[in-house]
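Notes to accompany the following structure.
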2 protein chains.
Amino acid sequence: MSEVIDGAKEARPSADSLVRILEDDILNAVLRPGERLDEQSLARRFEVSRTPIREALRHLASSGLVDIKKNQGATVKRLTTGELIEMFQVMAEYEGLSARLSARRMTKEDVVEMRKLHEECAAMAEREDYGGFYETNNIFHDSIFRGSRNVFLQMESRKLRNRLNVYRRHITTPRSMTKSAYEHGRIVEAVTAGDAAQAHDLMREHVDLLAGAAADVLLALEAEGIE
Amino acid sequence: MSEVIDGAKEARPSADSLVRILEDDILNAVLRPGERLDEQSLARRFEVSRTPIREALRHLASSGLVDIKKNQGATVKRLTTGELIEMFQVMAEYEGLSARLSARRMTKEDVVEMRKLHEECAAMAEREDYGGFYETNNIFHDSIFRGSRNVFLQMESRKLRNRLNVYRRHITTPRSMTKSAYEHGRIVEAVTAGDAAQAHDLMREHVDLLAGAAADVLLALEAEGIE
DNA sequence: TCGGAAGCGATTGTATACAACCGCTACTGC
DNA sequence: GCAGTAGCGGTTGTATACAATCGCTTCCGA
């Protein structure tokens, strides 16, 4: 990564920094889906010219966070239900692959780390500490991504997770922490045992909230334009 | 897509078109991995100013085809063997997911189309028409991606396939067409039967073998320095 | 009153001008 | 002779100026 120098937030940011700043704003819902991203306003706000703003917007566009229409400017990408489902399915696949690879490649130290995080997760569930569970759950999943020893997979899943997180607040997860923790346990066992196929399946099912026929129906409905 | 007007190849291309032109050049190895992409030269070549060139380069950078270092310009991204293998693994997962979803969602018409393409593939294999097999094989796999009814998956896999195709010429796939055709057959049956899990596994293994073989060849190539 | 087209304002797309930065070379001093 | 530095050429990064395009409003006519 770049220097940590940009701690001084009043220094005029350069295109590079702008990408991250705008990205954060989108992920934290400072900029909301559908919102217009006017080049001049942004230029004034950051005290730079339109040029670096444009570059940043183009970058965000090709990473999927922003939507640019020719001669009509940029808006924060608004995802339809269908697109969200599609992306969740791919995310589930990423997670499944990470578990498969981890089952084959994790070192003893990796496994210890993973088990520790799993136990922390379980403890959070026990206490019904939702915030803590959410945090630890993320770290647990990350440990499995790292264990996969596939940097490309890690990058892609991180990008996708960011995009999905924009909508996290709208997704009131109906899942119980206890059930999640139980599933974590089974995944941990499969990975530890080196059972790649089992690890893959358990993980994909664990993550794929909308795996079932519900998704098929929703997609079909949307295909005929019902909103 | 956009207008078909840009058939006139001497019209000065706009940033949008430039992305596709440069992309094609990279995919067709007119621009080779590691090659420098000088803004001024490109600007002269296409008779535009540096501005649209820059935008195109940034776009290609975030789609992974180009590598941009701050103040040091852009080069065609050169992938290491390890990165290629990682990407092939993810690609296999994409294909597996497409088969899984197709098994659940394909219409009767989709299935007919898929079977037709499979039979064409088999015929090509029979005749040992390697070029024809390659073409038809791609179309066959595409038909399954389409059958998945997951546009996001299709887009991601297309992007990834493009990136991998840059190195296709280095990958003289040692697989027999006959074996591929046979595996296609099993996949077709699983999809038709609606056996999602089976379709997924068969497809992933079908493509993953390519990855394994590719890895070996690439490792050999890297030993002598890829150029 | 409603439909349509032309003009206007505003925004994006492109070109050019200028500033900042990097790498290389050559020179100087030890 | 070699190390280090200062200067130079060239490339990228940013700012500004200009052109093209789009949507909206307004005006005209039926």
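Keep in mind that what you see is a predicted model, and the values were worked out from it rather than measured.
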Determine whether a donor-acceptor pair (N or O, by modelled atom type, separation under 3.5 Å) exists between the side chain of Thr75(A) and the backbone of Lys77(A).
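No, the answer is negative, given that no donor and acceptor are paired below the 3.5 Å cut-off.
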Say whether, by atom type as modelled, one donor and one acceptor occur between the side chain of Ser143(A) and the main chain of Met114(A) under 3.5 angstrom.
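No; zero donor-acceptor contacts below 3.5 Å.
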[options]: which one has an atom nearest the side-chain heavy atoms of [X]?
X        : options                   : result
Arg36(A) : dA15(C), dT12(C), dG13(C) : dT12(C)
Arg50(A) : dG13(D), dA17(D), dT11(C) : dA17(D)
Thr51(B) : dT16(C), dT14(D), dG13(C) : dT16(C)
Ser49(A) : dT12(D), dT14(D), dT12(C) : dT14(D)

[N] OP1/OP2 closer than 4.0 Å to side-chain N/O of [X]:
X        : N       : value
Arg58(B) : dG13(D) : yes
Gln72(B) : dG23(C) : yes
Gln40(B) : dT11(D) : yes
Arg54(A) : dG13(D) : no

[N] [atom2] sits how many Å from [X] [atom1], rounded?
X        : N       : atom1 : atom2 : result
Asp16(B) : dT12(C) : CG    : P     : 16 Å
Leu42(A) : dA15(D) : CG    : P     : 14 Å
Glu39(A) : dA17(D) : CD    : P     : 17 Å
Leu57(B) : dT14(C) : CG    : P     : 14 Å
Asp38(A) : dA10(C) : CG    : C1'   : 9 Å
Lys70(A) : dG13(C) : NZ    : P     : 7 Å
Asn71(B) : dT12(D) : CG    : C1'   : 6 Å
Ile53(A) : dT16(D) : CD1   : P     : 13 Å

Could you give the distance from CE (Met155(A)) to CD (Glu83(B)), rounded to the nearest 0.5 Å?
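Between atom CE of Met155(A) and atom CD of Glu83(B) there are 10.5 Å.
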For Phe140(A) and His118(A), run side-chain contact (heavy atoms from CB on, under 4.5 Å): C-alpha distance rounded to whole Å, both residues' side-chain angles, the deciding distance at 0.1 Å, then the answer.
CA-CA 6 Å; Phe140(A) 171 74; His118(A) 163 50; 3.8 Å; yes
Which is more 5' along DNA chain D, the nucleotide nearest Leu37(B) or the one nearest Pro52(A)? Just name the residue.
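Per heavy-atom nearest nucleotide, the more 5' residue is Leu37(B).
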So what does Glu55(B) hit on the nucleic acid, given a heavy-atom distance under 4.0 Å: a base, only sugar-phosphate, or nothing?
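No contact at all - Glu55(B) keeps every heavy atom at 4.0 Å or more from the nucleic acid.
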Partner of Glu95(B) by side chain to side chain donor-acceptor pair (under 3.5 Å), out of His141(B), His200(B), Arg100(B):
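With Glu95(B) as partner, side chain to side chain donor-acceptor pair (under 3.5 Å) holds for just one option, His141(B).
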